[in-house]
K.L.:
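Below is a structure I'd like to ask you about.
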Amino acid sequence: MKDTAKHQGLRNQLVSVLEQKGITDKNVLAAIKKIPRHLFLNSSFEDYAYQDKAFPIGAGQTISQPYTVAYQSQLLEVEKDHKVLEIGTGSGYQTAVLCTMGAKVYSVERQNELFKTTSLLLPKLGIRPKHLSFGDGYKGLPNFAPFDSIIVTAGAPMIPKPLMAQLKIGGRLVIPVGGENEAQIMTLLIRKSETQFEKHELGNFRFVPLLENKN
Ligand code: SAH
């Protein structure tokens with residue numbers, strides 16, 4: 001597990017690409033500059049790790065494209081010590097970005113293989129989420145609620161009600177909404193009161209599906 005000056009150079013280039021694509025949150029850019037994305041991928045992808053692309057991570061899943069990670073992270077408006085719930089831990093890269101931004105991260109993954117690999121990897125890289133769990137993210141994590149923000153990293157056919165219920169007032173939920181065979185619309189919900197949510201639809205993305213009641 002090596003991180004070299006060459007990798008750092010490639011990361012600096014990736015950060016420039018993300019800035020050109022419109023990412024402005026300094027906290028997000030600093031985290032991406034710091035995190036060795038190549039160590040979250042199978043070594044056969046090492047040479048490509050700093051391209052702005054998604055790659056397979058096993059169990060039929062993908063590590064999100066850096067632009068998508070940056071875009072979703074920026075929408076969360078993370079502040080130090082915010083409690084953030086992530087649905088879809090996957091490779092742990094997005095988790096690492098949020099932890100590096102100063103968030104207390106709670107993350108849920110429903111593929112046991114990925115849950116196990118990522119639970120071992122993150123501490124080796126010095127990344128310490130508050131809580132990693134194996135389970136169905138549709139239900140959120142009621143025992144740890146409420147959250148300052150919630151990020152869903154798989155495409156959902158609709159916004160799960162339990163996630164809305166676990167958001168603080170003033171909190172932000174970022175979720176790609178759409179079916180399996182179509183693009184998903186990045187959706188931002190801001191909780192205005194106990195019962196009111198403000199909804200923003202922000203453009204098309206492509207994610208692997210958020211799966212319910214399946215293994
Ligand atoms: N944040 C990850 C993205 C992984 S892709 C990364 O940067 O690597 C989406 C992840 O969501 C996959 O790992 C998939 O297994 C997981 N997933 C799908 N449905 C889920 C559900 N209902 N609950 C929790 N995780 C789910």
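Numbering of residues begins at 1 and proceeds along the displayed sequence. Remember, it's a predicted structure, so these values are computed and weren't measured experimentally. Counting starts at 1 for both ligands and their atoms, following the listed order.
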K.L.:
If we ignore hydrogens and angles and just use 3.5 Å, is the side chain of Gln184 paired with the main-chain N or O of Gly179 as donor and acceptor?
P.N.:
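Between the backbone of Gly179 and the side chain of Gln184 there is a qualifying donor-acceptor contact (under 3.5 Å).
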K.L.:
Do any N or O atoms from the side chain of Arg37 and from the backbone of Tyr93 form a donor-acceptor pair under 3.5 angstrom?
P.N.:
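Looks like no, no N/O pair under 3.5 Å.
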K.L.:
For Val208, counting its heavy atoms only, list the atoms of ligand 1 lying under 4.0 Å from any of them.
P.N.:
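Near Val208, the atoms of ligand 1 are 5 (S), 9 (C).
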K.L.:
Applying a strict 4.0 Å limit to heavy atoms, is Glu212 in contact with ligand 1?
P.N.:
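For ligand 1, residue contact (heavy atoms, under 4.0 Å) with Glu212 is absent.
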K.L.:
Considering only the protein, which heavy-atom contact is closest to atom 1 (N) of ligand 1, and what is its distance?
P.N.:
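Protein heavy atom with the smallest distance to atom 1 (N) of ligand 1: Gly88 O, 3.1 Å.
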K.L.:
Starting from atom 4 (C) of ligand 1, what is the nearest protein heavy atom, named by residue and atom, and what distance separates them?
P.N.:
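Ranking protein heavy atoms by distance from atom 4 (C) of ligand 1, first comes Thr62 O, 3.0 Å.
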K.L.:
I'd like to check which ligand 1 atoms, numbered from 1 as shown, lie under 4.0 Å from a non-hydrogen atom of Gly135.
P.N.:
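Near Gly135, the atoms of ligand 1 are 23 (N), 24 (C).
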K.L.:
Please list the nearest protein heavy atom to atom 13 (O) of ligand 1 with its residue and the distance rounded to 0.1 Å.
P.N.:
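Nearest neighbour among protein heavy atoms for atom 13 (O) of ligand 1, to 0.1 Å: Glu109 OE1, 2.7 Å.
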K.L.:
Starting from atom 3 (C) of ligand 1, find the nearest protein heavy-atom neighbour and note its residue, name and distance.
P.N.:
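Among all protein heavy atoms, the one nearest atom 3 (C) of ligand 1 is Thr153 OG1, 3.5 Å.
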K.L.:
Would you mind running through ligand 1 and noting each atom that sits below 4.0 Å from a heavy atom of Val108?
P.N.:
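Every atom of ligand 1 under 4.0 Å from some heavy atom of Val108: 24 (C), 25 (N).
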K.L.:
Which of the atoms of ligand 1 are close to Glu86, meaning less than 4.0 Å from one of its heavy atoms?
P.N.:
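Contacts of ligand 1 toward Glu86, numbered from 1: 1 (N).
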K.L.:
Looking at atom 23 (N) of ligand 1, what's its closest protein heavy atom, distance included?
P.N.:
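Answer for atom 23 (N) of ligand 1: Gly137 N, 2.7 Å.
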K.L.:
Just which atoms of ligand 1 are under 4.0 Å from any heavy atom in Pro209?
P.N.:
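Once the distances to Pro209 are compared, the set is 18 (C).
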K.L.:
Determine the interplanar angle of the Tyr106 and Phe144 rings, folded into 0 to 90°, and report it as parallel if under 30°, tilted if 30 to 60°, perpendicular if over 60°.
P.N.:
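If you compare the ring of Tyr106 with that of Phe144, the planes turn out tilted.
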K.L.:
Tell me which protein heavy atom sits closest to atom 22 (N) of ligand 1, plus the residue, atom name and distance to 0.1 Å.
P.N.:
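Heavy-atom neighbour on the protein nearest atom 22 (N) of ligand 1: Leu211 O, 2.6 Å.
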K.L.:
For Arg191 and Lys168, indicate whether the former's side chain and the latter's backbone hold a donor-acceptor pair under 3.5 Å.
P.N.:
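Judged by distance alone, no pair lies under 3.5 Å.
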K.L.:
May I ask you to list the atoms of ligand 1 that are less than 4.0 angstrom from any heavy atom of Gln111?
P.N.:
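Near Gln111, meaning under 4.0 Å from one of its heavy atoms, ligand 1 has 15 (O).
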K.L.:
Tell me whether Gln166 contacts the main-chain N or O of Lys139 through its side chain, where contact means a donor paired with an acceptor under 3.5 Å.
P.N.:
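It does hold such a pair.
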K.L.:
Give the residue and atom name of whichever protein heavy atom lies nearest to atom 21 (C) of ligand 1, and the separation in Å to one decimal.
P.N.:
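Nearest protein contact, heavy atoms only, for atom 21 (C) of ligand 1 is Arg110 CD, 3.2 Å.
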K.L.:
What do we get for Gln61 next to ligand 1 when only non-hydrogen atoms under 4.0 Å count, side chain, backbone, both or neither?
P.N.:
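It is the side chain that gets close, since no backbone atom is under 4.0 Å.
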K.L.:
Please confirm whether the backbone N or O of Tyr67 pairs with a side-chain atom of Gln65, one donor and one acceptor, at under 3.5 Å?
P.N.:
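Side chain of Gln65 to backbone of Tyr67: no pair is present.
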K.L.:
Mark up the atoms of ligand 1 that fall under 4.0 Å of a heavy atom belonging to Gln94, in ascending order.
P.N.:
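Selected atoms, number and element: 1 (N), 7 (O).
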K.L.:
With a heavy-atom distance limit of 4.0 Å, tell me whether Ala59 approaches ligand 1 through its side chain, its backbone, both, or neither.
P.N.:
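Under 4.0 Å from ligand 1, Ala59 contributes no heavy atoms.
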K.L.:
Could you tell me which atoms of ligand 1, counted from 1 in the order shown, lie closer than 4.0 angstrom to a heavy atom of Tyr138?
P.N.:
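What qualifies from ligand 1 is 22 (N).
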K.L.:
Does NZ belonging to Lys21 count more than 12 external heavy atoms closer than 6.0 Å?
P.N.:
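Enclosed: over 12 neighbouring heavy atoms sit under 6.0 Å from NZ of Lys21.
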K.L.:
For Val84, does its backbone N or O pair with a side-chain atom of Asp148 as donor and acceptor, under 3.5 Å?
P.N.:
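Checking the backbone N and O of Val84 against the side chain of Asp148, no donor-acceptor pair under 3.5 Å is found.
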K.L.:
Closest approach of Val177 and Pro157, non-hydrogen atoms and distance?
P.N.:
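So the minimum-distance heavy-atom pair works out to CG1-O, 3.8 Å.
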K.L.:
Check whether any side-chain N or O of Ser64 sits under 3.5 Å from a backbone N or O of Val69 as a donor-acceptor pair, and report yes or no.
P.N.:
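Such a contact is absent between Ser64 side chain and Val69 backbone.
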K.L.:
On the ring face of Phe134, is Arg110 found with NZ or CZ under 6.0 Å from the centre and within 45° of the axis?
P.N.:
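Not flagged: Arg110 not positioned over aromatic ring of Phe134.
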K.L.:
Is there a continuous path of hydrophobic side-chain contacts, each under 4.5 Å between heavy atoms, that joins Ile185 to Leu210?
P.N.:
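Each belongs to a different hydrophobic cluster.
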K.L.:
Would one find an N or O of Asp136, backbone or side chain, under 3.5 Å from an N or O of ligand 1?
P.N.:
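Yes.
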K.L.:
Work out whether the distance between some heavy atom of Thr89 and some atom of ligand 1 is less than 4.0 Å.
P.N.:
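Heavy atoms of Thr89 do come under 4.0 Å of ligand 1.
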K.L.:
Between Ile63 and ligand 1, which residue portion shows a heavy-atom distance shorter than 4.0 Å: side chain, backbone, both, or neither?
P.N.:
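It is both backbone and side chain that touch ligand 1.
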K.L.:
Return the closest protein heavy atom for atom 8 (O) of ligand 1 as residue, atom name and distance.
P.N.:
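Atom 8 (O) of ligand 1 sits closest to the protein heavy atom Ser91 OG, 2.6 Å.
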K.L.:
Exactly one of Leu167, Leu188, Leu173 should register a side chain to side chain contact (heavy atoms under 4.5 Å, CB included) with Phe197. Which one does?
P.N.:
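The single option meeting the side chain to side chain contact (heavy atoms under 4.5 Å, CB included) with Phe197 is Leu167.
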